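To keep things clear, I will list the structure first and then write my remarks on it.
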Protein chains: 2
Amino acid sequence: MSNVELLPVLDSSVVVPCCPPLTERPLDAEEAERAAKMFKALGDPVRLRLFSAVASHEGGEACVCDISDVGVSQPTVSHHLKKLKEAGLLSSERRGTWVYYRVEPSVVAAMGKLLAGAATV
Amino acid sequence: MSNVELLPVLDSSVVVPCCPPLTERPLDAEEAERAAKMFKALGDPVRLRLFSAVASHEGGEACVCDISDVGVSQPTVSHHLKKLKEAGLLSSERRGTWVYYRVEPSVVAAMGKLLAGAATV
DNA sequence: AGCATGCATCGACGGATGTCGAAACACCGA
DNA sequence: TCGGTGTTTCGACATCCGTCGATGCATGCT
């Protein structure tokens, strides 16, 4: 039943260039500015729910109508999705009536790499 | 009956209970609230630099004096360290004149687990 | 063309947040 | 006990941010 999605195997070396792991050395101002934007994007409960809804949706994508039941108005949902997009965490594409959002794997991987190591001090 | 230890030994495999990976299922409101607090704590450039400074400091800990050169006033540094502590990402201990901060590995690991999977959609 | 639906933008409002200087607190050495 | 240094707390302020209703735009259906 499940037609397997084509997974572009996560190539860890092609991760979006941002910053070294947080444990490698203290981030400088510019690096911190960039990295903070990504964390900030997930630093809101509504955005986190939207992101999770997209990430966990079958097919790896979801239209706004699929995920907009998070307790805030429709304009607010749209506002948050825009923020997530600006942070690079989601991308969107219009197909007919609906707009589909999907996770941007490389950026999420970059966040993971930032954290990697900090848990094993 | 419940005279159970409230704070069991922190086994690094037993990560702080928070939420399932973001890809497993959509987070509910309560989970999102908890998880967002952690991301929000790292969503400020100054806090990210402070966290990185602690995480990368030799010995896994640093006193405020070691890391307070991030371009803001000293009270502001203290304010941000408090936020990181409240989020559970750092812990602190006073030893004589100085206060030492260190990374709380289990909480950082929890954040990593949230992200894990979202990069391999 | 006209209308209904899905989504984005606008403008406004209230509360949260980052920042500072001043002051308080904790500790140590003389 | 006193002064000095490291750190936190306090109070104030400007800005940012999440939220909403109203409105605009794009698409598809009749």
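Everything numeric in this text was worked out from a predicted model, so none of it was measured. Residue numbers begin at 1 in each chain, while the letters A, B, ... track the order of the sequences.
- Look at NZ on B:Lys82: it is 13 Å from P on C:dG18, rounded to the nearest Å.
- Per the geometry, NE2 belonging to B:His79 stands 17 Å off P belonging to D:dA12, to the nearest Å.
- For residues 28-47 of chain A, proximity to DNA chain C is found at no residue, defined as any non-hydrogen atom under 4.0 angstrom from a strand atom.
- The distance from atom CH2 of B:Trp98 to atom P of D:dG4 is 17 Å, rounded to the nearest whole Å.
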- Query: Are B:Val64 and B:Ser78 close enough, and set up right, to give a side chain to side chain contact (heavy atoms under 4.5 Å, CB included), and what steps lead you there?
  - Reply: CA-CA 8 Å; B:Val64 180; B:Ser78 191; over 6 Å; no

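- A distance-only check finds a donor-acceptor pair linking the side chain of A:Arg34 to the backbone of A:Cys18 [under 3.5 Å].
- If you measure from atom NZ of A:Lys85 to atom C1' of C:dC7, you get 11 Å, rounded to the nearest angstrom.
- A:Leu81 places its CG atom 14 Å from the C1' atom of C:dT9, with the value rounded to the nearest Å.
- If you measure from atom CG of B:Asp66 to atom P of D:dT7, you get 8 Å, rounded to the nearest angstrom.
- In this structure, A:His80 places its NE2 atom 13 Å from P of C:dA8, rounding to the nearest Å.
- Separation of atoms CG (B:Leu89) and NZ (B:Lys37) is listed at 12.5 Å; rounding is to 0.5 Å.
- A:Asp69 CG: 12 or fewer foreign heavy atoms inside a 6.0 Å radius.
- In this structure, A:Arg95 satisfies the cation-pi test against A:Tyr100, with its NZ or CZ atom closer than 6.0 Å to the six-membered ring centre and inside 45 degrees of the ring normal.
- A distance of 5.5 Å separates OH in B:Tyr101 from NZ in B:Lys85, rounded to the nearest 0.5 Å.
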- Item | Letter per nucleotide, 5' to 3', of nucleotides 22-30 of chain D [B base touched, S only sugar-phosphate touched, - untouched; heavy atoms, 4.0 Å] | B----SS--

- Do B:Lys82 and B:His79 pass the side chain to side chain contact (heavy atoms under 4.5 Å, CB included) test, and can you show the C-alpha distance, the side-chain angles, and the key distance before you say yes or no? CA-CA 5 Å; B:Lys82 185 179 184 181; B:His79 166 72; 5.7 Å; no

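- Each of B:Ser92 and A:Thr76 was assigned the nucleotide of DNA chain D with the nearest heavy atom; the assignment lying further toward the 5' end belongs to B:Ser92.
- Nearest nucleotide to the side chain of A:Ser73, out of D:dG18, D:dG21, C:dT17: D:dG21.
- Taking every side-chain heavy atom of A:Ser78 into account, C:dC7 is the closest of C:dC7, C:dC20, D:dT7.
- Side-chain polar atoms of B:Ser68 and B:Gln74 form no donor-acceptor pair below 3.5 angstrom.
- Between the OH atom of B:Tyr101 and the P atom of D:dT8 there is a distance of 4 Å, rounded to whole Å.
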Review item, side-chain donor-acceptor pairs of residues 41-59 of chain A, under 3.5 Å, at least two apart:
from    : atom 1 : to      : atom 2 : distance (Å)
A:Asp44 : OD1    : A:Val46 : N      : 2.9
A:Asp44 : OD1    : A:Arg47 : N      : 3.1
A:Arg47 : NE     : A:Ala41 : O      : 2.7
A:Arg47 : NH1    : A:His80 : ND1    : 3.1
A:Arg47 : NH2    : A:Lys40 : O      : 3.3
A:Arg49 : NE     : B:Leu27 : O      : 3.1
A:Ser52 : OG     : B:Leu22 : O      : 3.0
A:Ser52 : OG     : B:Arg25 : O      : 3.0
A:Ser52 : OG     : B:Leu27 : N      : 3.1
A:Ser56 : OG     : A:Ser52 : O      : 2.8
A:His57 : ND1    : A:Glu61 : O      : 2.8

